Each structure stands twice: as C-alpha cells, then as structure tokens.
Amino acid sequence: MIKPIVSGTAIFTKAATATKEDLPIAYDLLDTLKANQARCVGMAANMIGCNKAIIVVGLGPMLFAMMNPVITKRSGKYETEEGCLSLTGVRKCIRYQQIEVEYQDLNMKKCHRKFEGYIAQIIQHEIDHCHGIVI
Ligand SMILES: [Zn+2]
C-alpha cells in the first residue's frame, strides 16, 4: 500500500529492530518508493511513520528491501552533497565508495553483500535514517 511521507520529529528517532511481523511495512515501503521513483531512490520505514529498521532502495529496475541493515565494512571515504525527501535543499556529508552490509531479506534470511558507487551511497543515506540521522 502506498503511504504518505511523514516529516517532523518521527524521522529523527532511532528505529527499533524489525521482525517477521514487520514484513508488511517492507512491502508498503516498496510500494511507496515505486510511487515516488521519479524523485526518490531510497526510503526508510520511519519516512512512512514506522519506527523500524527497514530500508528500500530503487535504482532503475533494481528495487529491493533490507531488514535491519548494518554496515560491517567501509572504504574509500569522500565528501558529497545529498538531498532528502524529508528536507528541503542539499547538505554536505561523508560517504564511502565501497561498503559491506549485513541484513535480512524479505524471507528474514541473513544476507551479506558488497555495494559500491551510487547504490552504496543510497544505502548509507537510508541506514542513517534508521539511526534517526537525516544527512
Ligand atoms: Zn533521506
């Protein structure tokens, strides 16, 4: 189900661990991202008012959800600027070219994947949201 995007204090709250019961949130998040793909490449659950550690990433045809994502390795530090649906304008931030992430997929199966470049940047931005950090 497509959900409205919230702003305000809800998005500055650290997200709780997501469980199997929270899987419907992941599907709502995927639907909401699809509906906003023209202006948005990723979303975290707190942006639709659910305080759980779930993110979705959508880059072209690649659209996937990550439950409880944690960055386990990072390298290739650089400075960049990002925008966010929850803010106006852009802000400077530090990102890493390559990251390794541990997460659970929509079957709650543990996964470990490497990402680099733009998709790694999106994931870092959305994981920050799970910690209540907006850029
Ligand atoms: Zn954002």
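Atoms within each ligand, like the ligands themselves, are counted from 1 in listed order. If you're wondering where the values come from, they're calculated on a predicted model, not measured in any experiment.
The aromatic rings of Tyr103 and Phe115 sit tilted relative to each other, their planes meeting at an angle between 30° and 60°.
A donor-acceptor pair is defined here as one N or O able to donate and one able to accept, closer than 3.5 Å; such a pair exists between the side chain of Thr32 and the backbone of Lys3. At distances below 3.5 Å, at least one donor-acceptor pair connects side-chain atoms of Asp105 with backbone N or O atoms of Asn107.
Between the NZ atom of Lys52 and the OG1 atom of Thr19 there is a distance of 5.5 Å, given to the nearest 0.5 Å.
Of all protein atoms, those that are N, O or S and lie under 2.8 Å from the Zn ion (ligand 1) total 3.
One finds a salt bridge joining Asp128 and Arg95 here, because a Lys/Arg side-chain nitrogen approaches an Asp/Glu carboxylate oxygen to under 4.0 Å.
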Exercise. Go through the steps for His129 and Ile55 under the test side-chain contact (heavy atoms from CB on, under 4.5 Å), then give the verdict.
Key: CA-CA 9 Å; His129 272 295; Ile55 66 169; 5.9 Å; no

